[in-house]
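What follows is one structure encoded as structure tokens, with my remarks underneath.
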2 protein chains.
Amino acid sequence: MDFNNVINILKNKGYKLTNQRKIIIEALYFSNKPISMEEWLQYTKNKNPNINLSTIYRNIDVLEDLGLLSKIRPKDENVKYALNLSEKHSHFLICKGCGKAEEIECCLSKEFQKIIDDKEFDLIEHNLELYGYCKECHNKLKKS
Amino acid sequence: MDFNNVINILKNKGYKLTNQRKIIIEALYFSNKPISMEEWLQYTKNKNPNINLSTIYRNIDVLEDLGLLSKIRPKDENVKYALNLSEKHSHFLICKGCGKAEEIECCLSKEFQKIIDDKEFDLIEHNLELYGYCKECHNKLKKS
DNA sequence: ATAACTGCAAATCTTTTGCAATGAG
DNA sequence: CTCATTGCAAAAGATTTGCAGTTAT
């Protein structure tokens with residue numbers, strides 16, 4: 001999905017495209033990894049120093065309403081945000097080294113599914129975050 | 001693992017067993033579901049009205065140090081806490097109706113594992129939370 | 001006895017909100 | 001023109017911290 005698609009989804013739902021909103025979405029769109037609120041604010045302030053924190057928070061609501069936002073909540077760090085651009089249900093492989101996150105498609109194992117079925121549990125949604133080191137960071141670590 | 005085991009783990013690491021700490025741990029131990037900070041404080045205040053919020057927060061650090069704490073962070077609710085009593089890596093099936101959580105053992109699917117291996121991603125840890133309705137809540141919902 | 005622990009109050013950090021001004025459609 | 005959006009400042013909520021007094025070992 002390219003950037004204009006995102007903007008169209010926004011407009012089709014009746015939201016206005018303000019300069020701030022465009023920058024706020026760009027920040028996520030052009031980052032190759034989920035970003036913290038601090039990084040988000042920094043990016044946007046670079047493009048428009050007047051952008052206010054509360055504007056970002058309000059746009060989080062907008063992006064959630066559009067179903068375009070992924071929130072990632074590592075155990076030991078602040079929440080991070082990313083655009084959710086694939087229609088398929090997916091999860092992130094998150095590198096503990098460089099922070100890069102890659103979306104991968106989800107498949108709960110059959111064994112898992114069986115356990116859940118046996119309990120007659122009606123599964124509605126799930127959240128899976130995978131942490132480790134990407135190939136590049138792994139190689140760097142080995143060298144040092 | 002029974003309650004005394006938990007206390008022994010605590011003492012073996014050199015922590016003291018104070019009245020407050022005992023109550024704080026009891027609250028988690030005797031709850032059949034992960035509890036919010038609010039519920040946690042309420043339980044402890046019932047047993048000892050002087051217990052302070054910051055004491056609970058400080059004991060979170062202790063329990064984490066002991067590797068006994070699970071934090072569950074639903075998308076739309078506050079963090080919830082539970083004791084992590086099984087040695088095996090496991091995850092929670094969390095009921096959106098009654099809040100009850102059941103630990104289940106984890107098994108990432110082979111397909112999943114293959115995707116990760118193909119990327120040469122060095123997986124260190126993962127976090128999986130499953131939400132839905134338990135049998136009882138599901139039945140109740142159907143009736144109404 | 002003494003080091004760990006706690007309560008309290010204040011500090012810090014994150015997120016939300018009311019309101020008046022601004023700007024997109 | 002009109003209503004959504006924004007900036008600002010203040011509020012609310014969550015978590016942490018310094019300190020002096022208390023308690024388990």
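We use all heavy atoms of the structure for the numbers below, so side chains are in, but hydrogens, waters and symmetry mates are not. The chains referred to below are lettered A, B, ... by the order of the sequence lines, with proteins before strands, and numbering in each begins at 1.
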Checking side-chain contact (heavy atoms from CB on, under 4.5 Å) for the pair I56(A)/M37(A): CA distance, chi angles, key distance, verdict?
CA-CA 9 Å; I56(A) 300 186; M37(A) 183 50 74; 3.8 Å; yes
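- Between K22(A) and E26(A) there is a salt bridge, with a side-chain nitrogen of the basic residue lying less than 4.0 Å from a carboxylate oxygen of the acidic one.
- The main-chain N or O of I104(A) is never found under 3.5 Å from a side-chain atom of H91(A) such that the two would form a donor-acceptor pair.
- With sequence neighbours excluded, no residue satisfies side-chain hydrogen bond (donor to acceptor under 3.5 Å, both in side chains) with N32(A).
- By the 4.5 Å side-chain criterion applied to Ile, Leu, Val, Met, Phe, Trp and Tyr, I124(B) is assigned to a cluster that also includes Y133(A), L141(A).
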Classify every nucleotide of nucleotides 3-9 of chain C by which part a protein heavy atom approaches to under 4.0 Å, writing B for the base, S for the sugar-phosphate alone and - for neither, in 5'-to-3' order.
BSSBBB-
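- Contacts between residues 2-10 of chain B and DNA chain C, defined by a heavy-atom separation under 4.0 Å, are absent.
- Other residues, nucleotides and ligands contribute at most 12 non-hydrogen atoms within 6.0 Å of the NZ atom of K140(A).
- Counting non-hydrogen atoms under 4.0 angstrom, K11(B) reaches the backbone sugars and phosphates but no base.
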When you compare the protein's N or O atoms with those of nucleotides 11-14 of chain C, which come within less than 3.5 Å of each other, and at what distance?
| residue | atom | partner | partner atom | Å |
| --- | --- | --- | --- | --- |
| dT14(C) | OP1 | N78(A) | ND2 | 3.1 |

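- When DNA chain D is scanned 5' to 3' for any atom under 4.0 Å from a heavy atom of chain B, the first and last hits are dA14(D) to dT25(D).
- Applying side chain to side chain contact (heavy atoms under 4.5 Å, CB included) to R21(B) and the options I23(B), N19(B), I24(B), I25(B) leaves one that passes, I25(B).
- Taking the screw axis at each terminus of the helix from dA1(C)-dT25(D) to dG25(C)-dC1(D) from five consecutive base pairs, the angle between the two is 40° to within rounding of 10 degrees.
- Taking the side-chain hydrogen bond (donor to acceptor under 3.5 Å, both in side chains) definition, one finds that K71(A) meets it with E64(A), sequence neighbours left out.
- Within the 3.5 Å criterion, the main-chain N or O of L28(A) finds no donor-acceptor partner in the side chain of S31(A).
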Walk me through whether F112(A) and D117(A) qualify under side-chain contact (heavy atoms from CB on, under 4.5 Å).
CA-CA 9 Å; F112(A) 222 138; D117(A) 288 345; over 6 Å; no
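- Listed by chain and number, the hydrophobic cluster partners of I94(B) are I72(B), F92(B), Y131(B), where partners are ILVMFWY side chains within reach of under 4.5 Å, directly or through others.
- Judged by distance alone, the side chain of D2(B) and the main-chain N or O of N5(B) form a donor-acceptor pair under 3.5 Å.
- Residues in residues 5-17 of chain A take part in these salt bridge (Lys or Arg N to Asp or Glu O under 4.0 Å) pairs, two or more places apart or across chains: K13(A)-D65(A).
- Among pairs with a residue in residues 18-46 of chain B, those fulfilling ring-ring contact (aromatic ring centres under 6.0 Å, His included) read F3(B)-Y29(B), F3(B)-F30(B), W40(B)-Y81(B), at least two apart in sequence or across chains.
- With sequence neighbours excluded, the residues that form a side-chain hydrogen bond (donor to acceptor under 3.5 Å, both in side chains) with S36(B) are E39(B).
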